[in-house]
Amino acid sequence: MRLVTWNINSIRARTHLVEDFVKQYDPDVICLQETKAMDDQFPVKFIQALGYEHMALHGMKSYHGVATLSKKPFQSTEIIDWCNKGDARHIAVKLAEGPTLHNFYVPAGGDVADPEVNDKFAHKIQFLEEMTEWSRRLSEPSILVGDLNIAPHEHDVWDTKKLKKVVSHTPLERDMMFELMAAHDWVDVMRDFVPLDEKLYSWWSYRAKDWSAADKGRRLDHIWTSPSLKGKAKAMEMVRAARGWEKPSDHAPVLVDFDF
DNA sequence: ATGGTGGGTTCCCCA
């Protein structure tokens, strides 16, 4: 099974990217975040024409939104309302005779890394706490993917010292992500393929003059599995080229091939 | 210390 996770930054503005990606990589399952479309605005016919008959959509007006698209039917679909806010940051599907696939869009957290003065950062902290408790109770084999908005390791960012106070790489967020991973013994699939002393990013700001030359990236997107699926990932590719396509998302897609 | 770009419920919010 070939799976891709991609923060698409508006599905309606970037159907061309999905089409180009499918032509080149032909994934079986596509997990999108920041779709920014209500379910009745989602380009269902366009996606079906690309070969993805089965869709689990959880959108809302203007912001957030996740979607999981598949060539094969799902056994079931589940939505969790994290932090009781009624936003659209998670959808889970049970894959036919396979694991459950959780597609997440974790809050970005705003600019100031202090929950006392920044409600968005407080929301991010609460979201991570809820994910950690949920991970402790999770028993079935699962895949967890998405834009988790944290770059946990030193070489998940272009300069760990310069980003020490920048939301996404603060010590608190990094520690919370490690605690979250320990809560289910989540396997960091991307880092199983790229050693910790090598730079690995999945996001580059739109604001850089030349994003690729500057290369001030961060690894905000992740692919994790339950420990029982360790070794089932046979290949991984962070498709950096897609960040340079026409009208790109600021995130690159991350691809993984599973041995099932 | 500041501003840079891009999407959407567009003259403001969110990333």
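Convention: sequence-line order gives letters A, B, ...; per-chain numbering from 1.
One atom, NZ of A:Lys162, and another, C1' of B:dT2, lie 16 Å apart when rounded to the nearest Å. Per the geometry, CH2 belonging to A:Trp211 stands 23 Å off P belonging to B:dA15, to the nearest Å. When the C1' atom of B:dC13 is taken as reference, atom NE2 of A:His64 falls 11 Å away, rounded to whole Å. Computed from coordinates, the A:Met60 CE to B:dC14 P distance equals 11 Å when rounded to whole Å. Rounded to an integer number of Å, the gap from A:Trp204 CH2 to B:dG6 P is 17 Å. Here B:dG8 presents its C1' atom at 16 Å from CD1 of A:Ile8, a figure rounded to the nearest Å. In this entry the distance linking CD of A:Glu246 with P of B:dG7 reads 11 Å, nearest Å. The distance between atom CG of A:Asp210 and atom P of B:dG4, rounded to the nearest whole Å, is 18 Å.
Minimum atom distance to the side chain of A:Arg207 is reached by B:dG4, of the listed B:dG7, B:dG8, B:dG4. Nearest nucleotide to the A:Tyr206 side chain, out of B:dG6, B:dA15, B:dG8: B:dG6.
Looking at A:His90 and A:His58, their side chains never bring a donor and an acceptor atom within 3.5 Å of each other.
Between A:Arg14 and B:dG6 there is no side-chain polar atom (N or O) within less than 4.0 angstrom of OP1 or OP2. Taking only side-chain nitrogens and oxygens, A:Lys209 never comes nearer than 4.0 Å to OP1 or OP2 of B:dT5.
Judged by distance alone, with hydrogens and angles left aside, the side-chain atoms of A:Lys216 form no donor-acceptor pair with the main-chain N or O of A:Ala213 at under 3.5 Å.
Screening residues 127-152 of chain A for salt bridge (Lys or Arg N to Asp or Glu O under 4.0 Å) gives A:Glu133-A:Arg136, A:Arg136-A:Glu179 as the qualifying pairs, with residues at least two apart or on separate chains. Sequence neighbours left out, not one pair with a member in residues 34-56 of chain A passes salt bridge (Lys or Arg N to Asp or Glu O under 4.0 Å).
Ranked by how close their nearest DNA chain B nucleotide is to the 5' end, A:Pro107 and A:Arg12 are led by A:Arg12. Checking A:Ile11 against A:Asp250, the closest nucleotide of DNA chain B that is more toward the 5' end is the one next to A:Ile11.
A:Lys120 comes within 4.0 angstrom of the backbone, heavy atoms only, and of no base.
Only the C1' atoms considered, B:dT10 is 12 Å distant from B:dC14, to the nearest whole Å. Using C1' as the reference atom, B:dG7 and B:dC11 are 15 Å apart when rounded to the nearest Å. Nucleotides B:dA1 and B:dC12 are separated by 27 Å at their P atoms, to the nearest Å.
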- Could you go through the side chain to side chain donor-acceptor pair (under 3.5 Å) check for A:Trp204 and A:Asp215 one step at a time? CA-CA 7 Å; A:Trp204 293 262; A:Asp215 204 19; 2.9 Å; yes

